[in-house]
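To start, the structure under review is shown below, and the notes come after it.
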Amino acid sequence: MTEQFTGNFTQQDPIPDEAIAAALEVLQSGRLHRYNLVGDAPGEVSLLEQEFAAQMGAKYCLAVASGGYALGCALRALGVGPGDKVLTNAFTLAPVPGAIASVGAEPVFVGVTEGLVIDLEDLAAKVGQADVLMLSHMRGHICDMDRLMEICDGTGVRVIEDCAHTMGAQWRGTASGRHGVMACYSTQTYKHVNSGEGGLILSDEDDLMARAILLSGSYMLYERHLARPPAAAFEKAKYVTPNVSGRMDHLRAAILRPQLRELERQVARWNALYRVVEAGLSGTPGLTVVARPEGESYVGSSIQFLLLDWSEAAVEEVLRRCGARGVELKWFGGAEPVAFTSRYDSWRYVQAEPMPASDRVLAGIVDMRLPLTFSEADCAVIARIIRAEVGAVYQGG
Ligand SMILES: *Cc1c(COP(=O)(O)O)cnc(C)c1O
């Protein structure tokens, strides 16, 4: 009998009971806006910021409305504006070039390697073209951060890290997000903690964080923030920083705080699932498992493999066959953007130079989510199905 997988690739874990209880308290209070506080009570949003900063070893944190908002806010805080160029990954998701475009700036795409990280040689060649790199740790793959910072520091390029897929990950023991001047996280449903929508920004720099807090729509209430820089930084910025409202509310903060306390445990669960799929796929003829560098500790909330130099028709056949057996794969190489997948050349508002080596990699990337509602046994079934169907098409081709 042919094995069939019946799990649901978009089904997340439920929100934990403790988080639901905290949310109910906020709802009963009627005080959802972050500055709607009783007396000196800090409020859920400020507490979330304080706790996340401490967890990540950062001085300051700001909670905002979404990960994409966090990216745009970080760019504005750094003074990026119309006509500026911003280096970023060719392999990323639409909100990244979108954030750059939202401030009137222009993305300059940097290539991707077969390890699915930013191509550091290409970065070294292009680093002179911009003052800022928005580095996307796309699908949780972390490049050699020591080398990357050497390249950027050497030319004074400031790095904003997009950690939408690396909350809880590390490079050589340093938390992902702690290399650049600002780091942005998403707390959207498909990321590592779930508040529906939401974002977090970290920074150690007084001026950058003061501007970010003012930008987010703090009016003259920024002193209510717990994880904020000293008053002097706000004095410099408060009359000249526009309000681009994008605050987080207490309801979202309340459900995030208990989830962040469980992050490490969740990361271990994701990685156990990842390893089952990885082991099940390794050695499949025609399929390249993406090697993970030694210095990286990742969060296996999704897995990618490469069907390098396959024809479009053959990749599509693998997706069709796996889909028919209940395994939902996403292909980043498709000519038309589908759902959450996309290629740099589908963002036609950007003048992108052709990058043949990256195109070859992008054309082969197959992507799969690993929600925590899956068991290790589920992952073994999934891997067997992919292995069999890749094998069938590969031999047929
Ligand atoms: C999800 C995501 C974002 C943006 O987060 P939202 O909270 O959805 O706005 C940014 N970068 C990457 C790589 C993402 O996957």
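Positions are given from 1, in the same order as the sequence printed here. In listed order, ligands and their atoms are each counted from 1.
Classification of the Tyr185-Phe52 ring pair by plane angle, with boundaries at 30° and 60°, yields perpendicular.
Closest protein heavy atom to atom 14 (C) of ligand 1: Lys191 NZ, 3.0 Å. When hydrogens are left out, the protein atom nearest atom 15 (O) of ligand 1 is His165 NE2, 2.6 Å; that is the closest non-hydrogen contact. Regarding atom 4 (C) of ligand 1, its nearest protein heavy-atom neighbour is Gly68 N, 3.6 Å. Of all protein heavy atoms, the one closest to atom 13 (C) of ligand 1 is Asp162 OD2, 3.2 Å. Looking only at heavy atoms of the protein, atom 8 (O) of ligand 1 is closest to Gln188 NE2, 2.7 Å.
In terms of polar-atom proximity, Leu71 is not counted as a contact of ligand 1, lacking any N or O under 3.5 Å from an N or O of the ligand. Residue contacts with ligand 1: Tyr69 is placed with no nitrogen or oxygen under 3.5 Å of a nitrogen or oxygen of the ligand (distance criterion only). Geometrically, ligand 1 and Gly67 share a nitrogen or oxygen pair separated by less than 3.5 Å.
With a 4.0 Å cut-off on non-hydrogen atoms, Thr187 does not touch ligand 1 at all. At a 4.0 Å heavy-atom cut-off, ligand 1 touches Ser136 through the side chain alone.
Here is the list of ligand 1 atoms found below 4.0 Å of a heavy atom in Pro95: 3 (C), 4 (C), 10 (C). Remark: ligand 1 atoms within the under-4.0 Å shell around heavy atoms of Ser186 are 5 (O), 6 (P), 7 (O). Ligand-side atoms of ligand 1 in range of Val96: 11 (N), range being under 4.0 angstrom from any heavy atom.
Considering only heavy atoms from C-beta on, Trp171 comes within 4.5 Å of Asp144 through its side chain. Side chains of Leu226 and Glu49 form no contact here, defined as non-hydrogen atoms less than 4.5 Å apart.
Connection of Ile160 to Phe91 is not established within any shared hydrophobic cluster, with ILVMFWY side chains joined at heavy-atom distances below 4.5 Å, either directly or through further cluster members.
In this structure, Arg228 fails the cation-pi test against Tyr222, since its NZ or CZ atom is not both closer than 6.0 Å to the six-membered ring centre and inside 45 degrees of the ring normal.
Donor-acceptor pairing under 3.5 Å is lacking for the side chains of Asp119 and Thr113. In this structure, a donor-acceptor pair under 3.5 Å is absent between the side chains of Tyr344 and Asn89.
Applying the salt bridge (charged side-chain N to carboxylate O under 4.0 Å, His left out) criterion to Asp207, with sequence neighbours excluded, gives Lys236.
Between Trp270 and Tyr298, the distance separating the two ring centers is not shorter than 6.0 angstrom.
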